[in-house]
> 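Below is a structure I'd like to ask you about.
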Amino acid sequence: MDMQNKLALQKGGFKRKWRWKPSSILILAVFFIFALASLSIGVARGAVSIPLAEMGSILFLGEQSDHYGILMNIRLPRALVGAAVGINLALAGAILQGIMKNPLADPQIIGVNAGAGFVAITILILFPQSQWLLTPGAFIGAMLAAILVYALSWKNGIQTTRIILAGVAVASLLGAGVSGLLVFYSDRVHGAMQFIVGGLGTSSWPQLKIIAPYTIIGLLLALISSNRLNLLLLSDNNARSLGLNVEGNRLLLTALASLLAASAVSIVGLLGFVGLVVPHAARLMIGNNYRMLIPASALLGAGVVTLSDMIARTVFAPIELPVGIVMAAVGAPFFLYLLKRGG
Amino acid sequence: MLALQAIDIQLRYGNRTIMNGISLAIEQGKIYTILGPNGSGKSTLLKALSRNLKPSSGTIKLEGENIYSIRALDVAKRMALLHQKPQAPGDLSIRELVEHGRFPHRKFWSADASADNEKIEWALDQTHLTYMQDKKLQDLSGGEGQRAWLAMALAQSSKLLLLDEPTTFLDICHQLEMLELVKRLNREHGLTVLMILHDINQAAKYSDEIIVVHNGRLHSVGEPSHVITQSMLNEVFGVEAVLKAGHQGQLTVEPVGLAGKTGVLMDA
């Protein structure tokens, strides 16, 4: 046995100093190019197409050409909000899937969508004059629902099964409220529809200003936490005997995921697909290591949302589809393909 | 200074008392094995000693300090624990798993990778895993997997190593390989070892001291030849056994049947 090992050691003997494998960097580069390309196409294509050269001179040289207004006031902020939403939801999903050790976990599971939806639809239907309340109201609703789910599942620490069950219960209850509202005020359903499906139609610079801080700080915190997320993938007692405060970290990371998801859904509505499928797709492509998974999920999320929004705007132009529909229609088959291939 | 010490501890799950009046001293540089029948409380005892179950009364001291006044991260630097059924994602490589063992030593603002790498390579070398460090956990055999987890515990570079039934799911060859490895770590690197085993003969062969647990109490503690006796086997395990001097005079237990008091099963 020993002899065998020594021989093998001499043959394949090498010393590794660098923890990032070149293949990892290459894969992340591909994800980065995808995100950047989606963003550029998202800005360039639409009811009016802007040539790439003109886009470059407007963006980087500040040239006041014909399309300056469309680009700077509509396309660019909208694409950036889409990217930020994609990053936030994908990160929230990636984090939750890790701390629950469950590939089916997503922001909906901790009640974020249900809470945001309940408050937003109440405002849209009962107080349609107070539209300004929509974003802060939805955000508060999302956070309250997440706190409620977490509190309900607390019993000497958190067990993931209890979180999932509490999440289902809270979501059903709030969902019943929403359905009730929609039935009683069926004449006003149209106003709420956009929020329920999720879309970027009203997104511009003010929305970007709201969401950007969450995206930047959230991404930084998620990157810093990637090592802890890796440890949380071990069984709890293993993580604990490595000195990790399992309950504390789980609470902080759930809070981070809630903030990320709440900031996204309060602005664009109840996008369901990104938080579940994007991190899972990234996982199928690159594996479970969170040092890779966090940046990859963020890049994939940004790319998928901006690309889907471009399709949503152009495919039935001048009618604009909500981005949520396109994402599910395009993303679900791709996801099934990955699932089939990954076995 | 004692590596680990329990002073009159009582252990409970909720209202149920599992162990009572336990006092125990683990000296540095020795191999200790906890023996006891199923349900005797040996896993509970190990849980308490590894800071995973707080005693309802009494004190546990790690290197002379109350273990609950030491930060969890600092405990992990002084004491490593190999769990009975550890779990990790299957696509983790051995190397990545072993790197986790450095977590308690890492500060996220300064990655002193050179010192870390030395410790990681030492752990891989000790467990004969260097040549297959990039293999994924899902592709490992039971013995290799167990060695990978041991390597992670070694990477913590603690002086005290706790092992919860490290051989239970291994075949006889890998059981011996595991125990030889533990013994070498003890003899060559001075690691203090405290483990739970089921096989009394293996416990006799590889331990300096045996701790026998029975019905929530310590039955006896001492050198194998003093503790492993016919009367202990009868009282604690309920078996009639013959003690022999086996290969090279090694104390060997040969069970010959159930002792009278647990013979109920035989009557049926």
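The chains referred to below are lettered A, B, ... by the order of the sequence lines, with proteins before strands, and numbering in each begins at 1. Note that this is a predicted model, so its numbers are computed, not measured.
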> In this structure, are over 12 heavy atoms from other groups packed under 6.0 Å from B/K136 atom NZ?
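Counting other residues, nucleotides and ligands, NZ of B/K136 stays at 12 neighbours or fewer.
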
> Check whether any side-chain heavy atom of A/N230 sits under 4.5 Å from a side-chain heavy atom of B/F103, and report yes or no.
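No, every pair of side-chain atoms sits at 4.5 Å or beyond.
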
> Measuring from atom CG of B/L73 to atom CG of A/N245, what distance do you get when rounded to the nearest 0.5 angstrom?
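Result: 9.0 Å between the selected atoms.
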
> Can you tell me which portion of B/M152 sits under 4.5 Å from chain A's heavy atoms? Options are side chain, backbone, both or neither.
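For B/M152, the side chain is the part near chain A, not the backbone.
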
> Which atoms of B/L97 are under 4.5 Å from chain A, going by heavy atoms: the side chain, the backbone, both sets, or neither?
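It is the side chain, since no backbone atom gets that close.
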
> Test your reading of the model: is there a side-chain donor-acceptor pair from A/N288 to the backbone of B/D91, 3.5 Å cut-off?
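No; zero donor-acceptor contacts below 3.5 Å.
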
> Atom CG of A/D236 and atom CD of B/Q87: how far apart are they, to the nearest 0.5 Å?
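Result: 9.5 Å between the selected atoms.
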
> I'd like to know which of B/P89, B/A88, B/A80 tops the heavy-atom pair count under 4.5 Å against chain A.
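Of the options given, most contacts go to B/P89.
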
> Please report, to 0.1 Å, the donor-acceptor pairs under 3.5 Å made by any side chain of residues 38-45 of chain B, with sequence neighbours excluded.
from	atom 1	to	atom 2	distance (Å)
B/S40	OG	B/P37	O	2.7
B/K42	NZ	B/G36	O	3.1
B/K42	NZ	B/P37	O	3.4

> Testing the basics here: between B/A76 and A/G243, what is the closest heavy-atom pair and its distance to 0.1 Å?
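What the structure gives for the nearest pair is CB-N, 3.7 Å.
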
> Pick whichever of A/L233, A/N227, A/N237 has the most heavy-atom pairs under 4.5 Å with chain B.
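If we count pairs closer than 4.5 Å to chain B, A/N237 comes out on top.
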
> Consider only side-chain N and O atoms of B/H83 and A/S235, and report whether a donor and an acceptor are under 3.5 Å apart.
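Note: B/H83 and A/S235 side chains miss the donor-acceptor criterion.
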
> So, taking the atom named CG in A/L242 and the one named NE2 in B/H105, what distance separates them when rounded to the nearest 0.5 Å?
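Those atoms lie 10.0 Å apart.
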
> So with a 6.0 Å cut-off around CZ of A/F34, is the heavy-atom count from everything else above 12?
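Yes, enclosed.
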
> Does a sphere of radius 6.0 Å around NZ in B/K77 hold more than 12 heavy atoms from other residues, nucleotides or ligands, not counting ones at 6.0 Å or beyond?
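Count over threshold, so yes.
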
